[in-house]
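Letters go in sequence order (proteins before strands), and every chain restarts at 1. Keep in mind it's a predicted model, so treat the numbers as computed, not measured.
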Amino acid sequence: MKGMKQTNPGTTESKLETVHVTSMDSLIKIIMLPLQTALKIDNPRTGLAKHKLKVCLLGDTGVGKSSIVCRFVQDHFDHNISPTIGASFMTKTVPCGNELHKFLIWDTAGQERFHSLAPMYYRGSAAAVIVYDITKQDSFHTLKKWVKELKEHGPENIVMAIAGNKCDLSDIREVPLKDAKEYAESIGAIVVETSAKNAVNIEELFQGISRQIPPLDPHENGNNGAIKLGKQTSQTELATDADLDGVDIVLSNQLSELALSCM
Amino acid sequence: MADNLPSEFDVVVIGTGLPESIIAAACARSGQSVLHVDSKNYYGGNWASFSFSGLLSWIKENQQKTDVSDEWDDWRKLILENEEAISLNKKEKTIQHIEDFCFGDQDSAEGVEEAGALPKLPVFGAAGAEGFAQESEEARAAVESTVPESTEPEKATGTEPASAREGSDAEITSEDTSSHSAALGESAGELGQTEAAVPEASAQEPKKITYSQIVREGRRFNIDLVSKLLFSRGLLIDLLIKSNVSRYAEFKNVTQILAFREGKVEQVPCSRADVFNSRQLAMVEKRMLMKFLTFCLDYEQHPEEYQDYENSTFAEFLRTQKLTPSLQHFILHSIAMVSETDCSTLEGLQATKKFLQCLGRYGNTPFLFPLYGQGEIPQCFCRLCAVFGGIYCLRHPVQCLVVDKESGRCKAIVDHFGQRISAKYFIVEDSYLSESVCTNVHYRQISRAVLITDQSVLNTGSEQQVSILTVPPVDLGKPAVCVIELCSSTMTCMKGTYLVHLTCPSTKTAREDLEPVVQKLFNVNTEKDAENEELEKPRVLWAVYFNMRDSSGIDRNSYDRLPSNVYVCSGPDSALGNDCAVKQAETIFQEMFPTEEFCPPAPNPEDIIYDEDEIAPEESGFSNSPETKPEASTEEMSSGGSAAVEKADNEE
């Protein structure tokens, strides 16, 4: 029974709204909450297969990466979001066909500021949201650098979505939508103009990603024998990916061998 | 980027190796403002992992002996009268004697058949095609013999149809390879992007891997400069769990412990289940081994068993026990992993106990390996630091430390832009310190080899084994060589290949130290010359040897005129585990902030969940929930290792 409740996509949001952020720690706590809740959901009984998708955010500092996620996950917009408080990750579950897509959205934690993102940031990502600011031509130029870096370090077959953010400020627009569309087409990416502030196209952005994600392979079990280290000191601290399936969809299926070798 | 760095921090950390990254995370976690810089364009320093093309570039860079010529001295103007500067190194000097080898590419009937799948391959960009053409030409020039009957299908697709197989029996030595390596290093980045289209089916068929395939799939490699494993009850695992940094990484179990004895590789039974299922051990041996291992688990309780041998070596002690020579070999080299000549009885017992205690926590062996390589671990700590506000700048060399003459304390750094950044504490990785500071420091060396091979050293029927093998020294007194073989599911090498790391403390150059072991375990000859026995061995497709400076265990006082608020972190040591780095990080952190907790858990989600009344019951029930069964069952089986050893006596 456990976990059933959290599979309702609305639950995470309402929970978050009731918590007041008083310090960085508590902010981070709150941000961690949905993820960990997510990891503990194992819902073979809800009927919908749960597909966990790591999504990484890219783009220059100040283009609104965190705001887009805040709007998507919490339906909330904060003008004064502190650039230094890099959230570790946020999650949100949305239905998609016969599956539930649980997005684990990793923020850059500010490491993009001096172009020092670590390769581990990209590991196992199913999708990347690359954000530019439609009012800043520069941010569209550097978009191409981010795409290049993604191709270098990111997994192959990663779904790329380009978000031209701040479309509420189209009167001071510097980047024509046409340019973005042409570029996106050239790299096979989704493109959409968004406004985190006015909640324009944010849902659509993630729906677009969802549509590009191939369905779970029923034969894969998502179980790759990879081990996540847990907090508990008891025997249950071993968490092979039975409950993390889908985070690393590229891994091979080794658990059965592991189990055999343990016999 | 136009963004400017702030000019004041609490802590400046120079170098992104493991100890520096742990300290950076610990400082940020305890509320300090942290600037973390590295002069290189990658994380990890000598703890880094590289893609194949990245490794080729790294090799090239380290083979260039030229010093940095653009010595910019203007920063000296920024030093005030009451200050002095300690200049830092601009050029990495910790890597020596690099030699890389490309062994002959293999073509065969199977390889040719694959050509059918090739039309699916995308057409290479011009740069890539040139890279290949150039490579194969140089290779042909460097190699005398070619085998006429076979052509290389990959090359036929769009690069150069006439390029017959390259290097068959001659190995291309370093000088020849370095030039074409360089060319490849540049093209490989682009080639890497095309790899997505390589048909899966062909990767799964057993077949010969060619050098060009390695280059093309180069991005699938994550090649560690240091080869280490995590002891499942070691300090690093504890720290990862305690700090919640573990959430950023995933691990694989080492699946088998191997021994090399009488010219053969064999599996070492170490858990109870292993021992009882072992076909190589006779029933009598199984009993002997279980009895001895059971004793080791609580040897302190039975001093009468070993006190007469406290002044002997562990090897001598083992000879007095009721153990056959093969069991003695297993225990000494593969379980305790200690020296035959130098290790005392107590040290050996301690090492054996540590091994046994680590069994069963996560699986059948005591070791874990991080997916994507050891280089992930420093990055995980860096992420924690960044989440707590730490600022990260790669490609950011530091000119000097600025020391206040009066107080003798370091007060700032001057970076390569000439910006002065002040801080209260400075953490500097050893390799950044210039020779003037290190004149009295005596460094040891580590000998390393990395091989890409085509099959496992022990054919077990499963392709996906992660193995550790200790090869005892040929000459007594020399160090044993630690061999770690990684399969493609560790995300460190392409399908159909194995990544083999060899490590030992240096006595000579890496090649002199390690090549004899490589020759024993692997086939470095061609098919034509090789004996049948040779053919059974895995083939080496590519190899690199290098020596790395071991700056561990150096007394702080050996560094000249080091201000008291400057702390030095060492590079990787030659030990298998990571305890040395974790200990150093904790010691330094506690010297700086004696009252602060070292890496307390990053706010744990469960903590908040307990705040939320309605969810708490669900959550608290989780750890025992039946949904954890899949892994619990693994755990149960594997925990047979340590738990059952204790019971073994009853079974006698």
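With a 4.5 Å cut-off on non-hydrogen atoms, L368(B) touches chain A through its side chain but not through its backbone. There is no contact between D38(B) and chain A, counting heavy-atom distances below 4.5 Å. Within the 4.5 angstrom heavy-atom criterion, atoms from both the backbone and the side chain of C380(B) approach chain A.
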### Message
For R123(A) and E250(B): C-alpha separation, side-chain torsions, deciding distance, then whether salt bridge (charged side-chain N to carboxylate O under 4.0 Å, His left out) applies.
### Response
CA-CA 10 Å; R123(A) 303 290 189 214; E250(B) 288 187 284; over 6 Å; no
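F50(B) pairs in a ring-ring contact (aromatic ring centres under 6.0 Å, His included) with only one of the listed residues (F221(B), Y43(B), Y42(B)), which is Y42(B).
Relative orientation of the Y122(A) and H153(A) rings is parallel, given thresholds of 30° and 60° on the angle between their planes.
For the atom pair NZ (K145(A)) and CG (D60(A)), the distance works out to 8.0 Å, reported to the nearest 0.5 Å.
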